[in-house]
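These notes are about the structure you will find just below.
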Amino acid sequence: WLNLGLAVLGLFYLAFGLFYLWTGKVVNHLGVDFRTFRASAEIAWKYGFGAIYDPAKQDEFQKPWYDQGIFGTGFDSYDYAPTYYLPAFALLFLPLLLFDPRTSFYLWTGLNVLLLVLYLWRFRRALQDHLDWGILSRMVLSVPVFTTLLAGQVNVLLLICMGEFILALRKGRDFSGGLWLAGLLLKWQVLVLFLPGLLLGRRFRTLAGFALAAFLILALSVVLVGPEGLLAVGNLYLKASFGENRTINPQLMMNWRSLAANLGRVLPDVLAWAPAVIGMAATAIAALALWMRRPEASSPAFGFVLLGTYAATCATSWHMPVSYTHLTLPTIYSV
């Protein structure tokens, strides 16, 4: 019955995706993330990398796509989608220019599916086949994986970095693990508990590897946009924190902020935020306490530490959509 249920779920995902492709309602709704990737590539090529953080430039490219229906007609009213990634990571979007916008979205989605399947196969082999394909298929058919692919997100790259971080630590290669962990700077909010956790766990070589890779990423970003460009990125973070763009949707997230946002519709702000703030603090403390035991990285107990830390990160981080939870796949496997 479980296998039958998984088959039905898989068919539903397929039908749902084909419906959006057939009706043309792709990028302006669920694929909004890809829209900004494509726009950022065109902006960087035409105006330079610093311009991708200019809302007017993003709107200049994204609004015509919406008006002309190149990606289809969106369900929601139009609003441009900002790019929040460091300039060094924006380099990843330049190959999208090799194809027209619609084709690049299809190819991007197909590439992410391929990378996801190949990497999970590689991760399974690295664990000496301790995981059967039943577990693998159930995880791949989870809602976060589906929403990541349909939205055209970059979360598969985060999953690979998380998986390699885990495998490196299991082999005692802490410095190498830190290098891979720096890849999570692509969406740095997923690191808010991992870095202090590593410090409490006295994994200084891992932190050294992370510091080196983070320095190189920031240095490349400065070369691309200069210090002023990095300040522009920080300004975008501040605006996003206060919900100035409708594409943020904090009420749809899975964190304590979402609870406060929804309670705020019926309660005063003080009453809405009180349980959220208490929940954030308690969740963070509970997660960091896991690191005080300092288990061996090769033991299942360390997998529980990583899984608990990332689960707590999802709850406490200010920006945490549901699609980010598929990063837990490697941590679940390692347990």
Side-chain angles (χ1 to χ4, degrees), residues 27 32-65 79-99 101 104 108 151-158 160-162 165 175 178-192 194-196 198 206-248 317-321 324:
V27 172
V32 66
D33 296 299
F34 179 81
R35 177 159 39 106
T36 187
F37 302 160
R38 174 73 193 202
S40 295
E42 298 202 14
I43 293 169
W45 188 258
K46 187 173 182 180
Y47 298 106
F49 283 88
I52 67 178
Y53 305 107
D54 181 355
K57 285 289 188 292
Q58 288 285 346
D59 188 68
E60 176 186 332
F61 282 86
Q62 296 184 36
K63 186 65 163 63
W65 294 339
D79 197 0
Y80 80 94
T83 289
Y84 297 106
Y85 308 110
L86 291 171
F89 293 117
L91 289 168
L92 298 172
F93 306 140
L94 290 181
L96 297 174
L97 299 177
L98 297 173
F99 308 94
S104 64
W108 176 267
Q153 258 290 354
V154 294
N155 295 335
V156 172
L157 299 178
L158 297 179
I160 293 173
C161 291
M162 177 70 82
F165 161 70
F175 187 82
L179 296 176
W180 280 104
L181 187 66
L184 298 185
L185 285 171
L186 180 61
K187 294 189 175 181
W188 56 267
Q189 68 268 29
V190 302
L191 290 168
V192 294
F194 275 100
L195 296 181
L198 289 168
T206 305
L207 288 170
F210 173 85
L212 175 61
F215 171 78
L216 294 175
I217 291 171
L218 290 175
L220 178 56
S221 297
V222 171
V223 170
L224 291 172
V225 302
E228 298 81 6
L230 289 185
L231 290 176
V233 181
N235 187 44
L236 279 180
Y237 293 154
L238 289 176
K239 290 182 178 179
S241 297
F242 294 100
E244 292 192 18
N245 188 276
R246 290 197 300 270
T247 62
I248 299 299
S317 288
W318 195 250
H319 180 77
M320 191 59 66
Y324 288 18

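Everything numeric here is computed off the predicted structure, so don't read it as measured data.
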Discussion item. Checking Leu91 against Leu224 for the side-chain contact (heavy atoms from CB on, under 4.5 Å) test, could you report, in this order, the C-alpha distance in whole Å, the side-chain angles of both residues, the deciding distance, and whether it holds?
Written reply: CA-CA 10 Å; Leu91 289 168; Leu224 291 172; 4.1 Å; yes
Practice prompt. Indicate the atoms forming the closest heavy-atom contact of Leu158 with Gly183, along with that distance.
Written response: CD2-O, 3.9 Å
Response to the item:
All heavy atoms of Leu185 vs all of Ala214, minimum pair found to be CD1-CB, 3.6 Å
Item to complete: Give a yes or no answer on whether the side chain of Ser317 reaches the backbone of Gln189 with a donor-acceptor pair at less than 3.5 Å.
Response: yes
Worksheet, complete the sentence: Trp188 meets the ring pair (Phe, Tyr, Trp, His ring centres under 6.0 Å) criterion, sequence neighbours left out, with Tyr237
Discussion item. For the CG atom of Leu231 and the OH atom of Tyr53, what is their distance to the nearest 0.5 Å?
Written reply: 12.0 Å
Practice prompt. Please round to the nearest 0.5 Å and tell me the distance separating atom CZ of Phe93 and atom CD1 of Ile52.
Written response: 8.0 Å
Item to complete: Decide yes or no for Leu186 and Val154: does some side-chain heavy atom of the first lie under 4.5 Å from some side-chain heavy atom of the second?
Response: yes
Response to the item:
For Gly209 and Leu179, the nearest pair of non-hydrogen atoms, with its separation, is O-CD2, 3.2 Å
Worksheet item: Looking only at heavy atoms, what is the nearest atom pair of Phe165 and Thr206, with distance?
Response: CE1-CG2, 3.9 Å
Worksheet item: Nearest heavy-atom pair of Gly50 and Val225: which atoms, and what distance?
Response: N-CG1, 3.5 Å
Worksheet item: Counting only N and O atoms by type, is there a donor-acceptor contact under 3.5 Å from the side chain of Arg38 to the main-chain atoms of Leu96?
Response: yes
Item to complete: Dump the intermediate steps for side-chain contact (heavy atoms from CB on, under 4.5 Å) on Asn155 and Lys187, then the final yes or no.
Response: CA-CA 9 Å; Asn155 295 335; Lys187 294 189 175 181; 3.0 Å; yes
Worksheet item: Quick one: CZ on Arg35 to CD on Gln58, what's the gap to the nearest 0.5 Å?
Response: 9.5 Å
Practice prompt. Kindly determine whether Thr83 and Ile43 satisfy side-chain contact (heavy atoms from CB on, under 4.5 Å), including the steps that lead there.
Written response: CA-CA 11 Å; Thr83 289; Ile43 293 169; over 6 Å; no
Item to complete: Could you grab the distance from atom OG of Ser221 to atom CZ of Phe89, nearest 0.5 Å is fine?
Response: 7.5 Å
Response to the item:
Output for pair (Lys57 NZ, Lys46 NZ), nearest 0.5 Å, gives 9.0 Å
Worksheet entry | Worked check of side-chain contact (heavy atoms from CB on, under 4.5 Å) between Asp54 and Tyr47 | CA-CA 11 Å; Asp54 181 355; Tyr47 298 106; over 6 Å; no
Worksheet item: Would you call the rings of Phe34 and Trp108 parallel, tilted or perpendicular if under 30° counts as parallel and over 60° as perpendicular?
Response: tilted
Discussion item. Donor-acceptor pair, distance only, cut-off 3.5 Å: does the side chain of Thr36 make one with the backbone of Asp33?
Written reply: no
Worksheet entry | Met162 versus Leu184, closest heavy-atom pair with distance | CE-CD1, 4.0 Å
Worksheet item: Measuring from Leu230:CG to Leu218:CG, what's the distance to the nearest 0.5 Å?
Response: 7.0 Å
Practice prompt. If the plane angle is over 60° it's perpendicular, under 30° parallel, otherwise tilted; pick one for Phe37 and Tyr85.
Written response: tilted
